[in-house]
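Note: hydrogens, waters and symmetry copies are ignored here, and every other heavy atom, side chains too, is used. Letters go in sequence order (proteins before strands), and every chain restarts at 1.
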Protein chains: 2
Amino acid sequence: MKETCLVHTKVFQSALRGKKLKATPGRLAILDIFAHCNKPLSIKELKKMAGSAGPDIATLYRNAESLTAEGMLVKVNLGEKNSAYELASRKHHHHLICKTCGQVADVTISASPGLNQQALKAAKDFAAVSGHSLEFFGFCKKCVKK
Amino acid sequence: MKETCLVHTKVFQSALRGKKLKATPGRLAILDIFAHCNKPLSIKELKKMAGSAGPDIATLYRNAESLTAEGMLVKVNLGEKNSAYELASRKHHHHLICKTCGQVADVTISASPGLNQQALKAAKDFAAVSGHSLEFFGFCKKCVKK
DNA sequence: GCTTATTTGCAAATAATTCGCATTTAGTAT
DNA sequence: ATACTAAATGCGAATTATTTGCAAATAAGC
C-alpha cells in the first residue's frame, strides 16, 4: 500500500463514522490521495494514483459518489467530459484552468458568497439557490509563450 | 423536415459563410433548433428534436464542435455527464439549474464581467483569463414543495 | 455543369459510467 | 472474541457517451 499518513487516516475514519459511511479501505484510499494532492482529480486519475493494489474503478465511482453525497467531496467541473472531485473540507474556492495544458490553479473570489442571492433574485421560478460552480478558463504563463 | 424559419435560415447561411464553414443541412438544422429553443441542449436532445430525418448523431457531434470552434455555439456545463450547447449570439448570461427536475433558468449577474480580472489577479502562474463558466444550483418553486 | 475539399451517414471502435451478483468485511451486539 | 447484518468490494458484463474510418454525397467556386 502507498505511504498513507496515520494522522490523516485517523481523522478520516472518525469523519466517515460521523456520517453514515463505513471507514473502508476504498474510502480511506480516496481521502488519503486527496490529503496529499490539493487539486481536483478525475476517477481515472484517482485510479492511477491508487495504483494496481488500489480499489477497483467501480469502487472508486461508487465511493466518489457516496463521499460527495455525504459532503466530504465536491464534484468539480473543469470543462472536461469526465468529472473531477476534491476534498470538501477545503475553504470555498474556484479554479482557473489553462486551456492549453490543463493546469489548474485555485482562485478565491471575494464576491462569490453574494452571487447566490443575486441569482435567486434574477430567477422568479426558483425558490432557493444552494450553491454554484464557477470556473475560469485562460492561459498559464508557460503556455502563453507561443 | 421540421418547420424551419426561412428568415433564420438566411441569417445562419450568411453567418456560416462568414466563418470558414459550409452552410450544410446538418449545421442549419442545429442552428434552427436553437433559434426556436432558448435553452442549453445536449447532443441527445438535439438528436431528438431534429427527429429521425435529422442529421446523424455523429454529424451532430462534429457540427456542435465545429460551430463551437467558430464561436457560433458555446458549450455549457450543467453538471450532467453529457455536455450541452447553446447559441453564442445571445448576450452573456449564466444558468440556475434545479437539482430535482433539471429545469434551467437564465440568470444575469451584474458583477460577472469583473470576475475574470479578479481571477487573474489571484493566480500568479497565469497570463490571461479568457472566460468563465458560472452555473448555479438550487430548487425551483415546483420542486421545493416536497 | 465540373471540380474539389468538406461534410455526411453508417457501422465499428473507444471511452466513460453503471449494474448484477457472489463474496468479503466494518460496525455492532452478543 | 464471536456471531450477525447491512454495507462495501471486485469482477465482468451492460449501458451510455463520444469518436473514428471510409465511401458516397454535396456545397462553394470556377
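Closest approach to the B/Lys22 side chain among D/dA17, C/dG27, D/dA28 is made by D/dA28 (side chain taken as heavy atoms from C-beta onward). Here the nucleotide nearest the side chain of A/Arg62, chosen from D/dT9, C/dG27, C/dT18, is D/dT9. Candidate nucleotides D/dG10, D/dA17, C/dT18 were compared by shortest atom distance to the side chain of A/Tyr61, and C/dT18 ranks first.
Atom-to-atom, CD of B/Gln13 to C1' of D/dG29 comes out at 16 Å; the value is rounded to the nearest Å. Between the CD atom of A/Glu45 and the P atom of C/dA16 there is a distance of 11 Å, rounded to whole Å. When rounded to the nearest whole Å, the span between CZ of B/Arg17 and C1' of D/dT26 equals 13 Å. Atom C1' of nucleotide C/dT17 and atom CD1 of A/Ile57 are separated by 9 Å, given to the nearest angstrom. One interatomic measurement links the two molecules: CG of B/Leu67 to P of C/dT6, which rounds to 16 Å at whole-angstrom precision. One interatomic measurement links the two molecules: CD1 of A/Ile43 to P of D/dT16, which rounds to 19 Å at whole-angstrom precision. The distance between atom CG of B/Leu16 and atom C1' of C/dT7, rounded to the nearest whole Å, is 13 Å. Between the NZ atom of B/Lys47 and the P atom of D/dA17 there is a distance of 14 Å, rounded to whole Å.
Residue whose closest nucleotide on DNA chain C sits further toward the 5' end, between B/Thr24 and A/Leu21: B/Thr24. Of the two residues contacting DNA chain D, namely B/Ala23 and B/Glu65, the nearest-nucleotide position lying further toward the 5' end is that of B/Glu65.
Contact annotation: A/Asn63 side-chain N/O to D/dT9 OP1/OP2 distance is under 4.0 Å. Between B/Thr59 and C/dG9, a side-chain N or O to OP1/OP2 separation shorter than 4.0 Å is present. Here B/Lys44 does not reach the OP1 or OP2 of D/dT16: none of its side-chain N or O atoms lies under 4.0 Å away.
Within 4.0 Å (heavy atoms only), B/Asp56 reaches at least one base atom of the nucleic acid. B/Ser83 comes within 4.0 angstrom of sugar-phosphate atoms only, judged by non-hydrogen atoms across all strands, and of no base.
Between the B/Gln118 side chain and the A/Ser110 main chain, a donor and an acceptor come within less than 3.5 Å of each other. With A/Arg27 contributing its side chain and A/Lys22 its backbone, the two residues share a donor-acceptor pair below 3.5 Å. Looking at B/Lys47, its side chain does come within 3.5 Å of a backbone N or O of B/Pro55 through a donor-acceptor pair.
When only modelled atom types and interatomic distance are considered, A/Asp32 and A/His8 share no side-chain donor-acceptor pair under 3.5 Å.
Atom OG of B/Ser130 and atom CZ of A/Phe136 lie 11.0 Å apart (nearest 0.5 Å).
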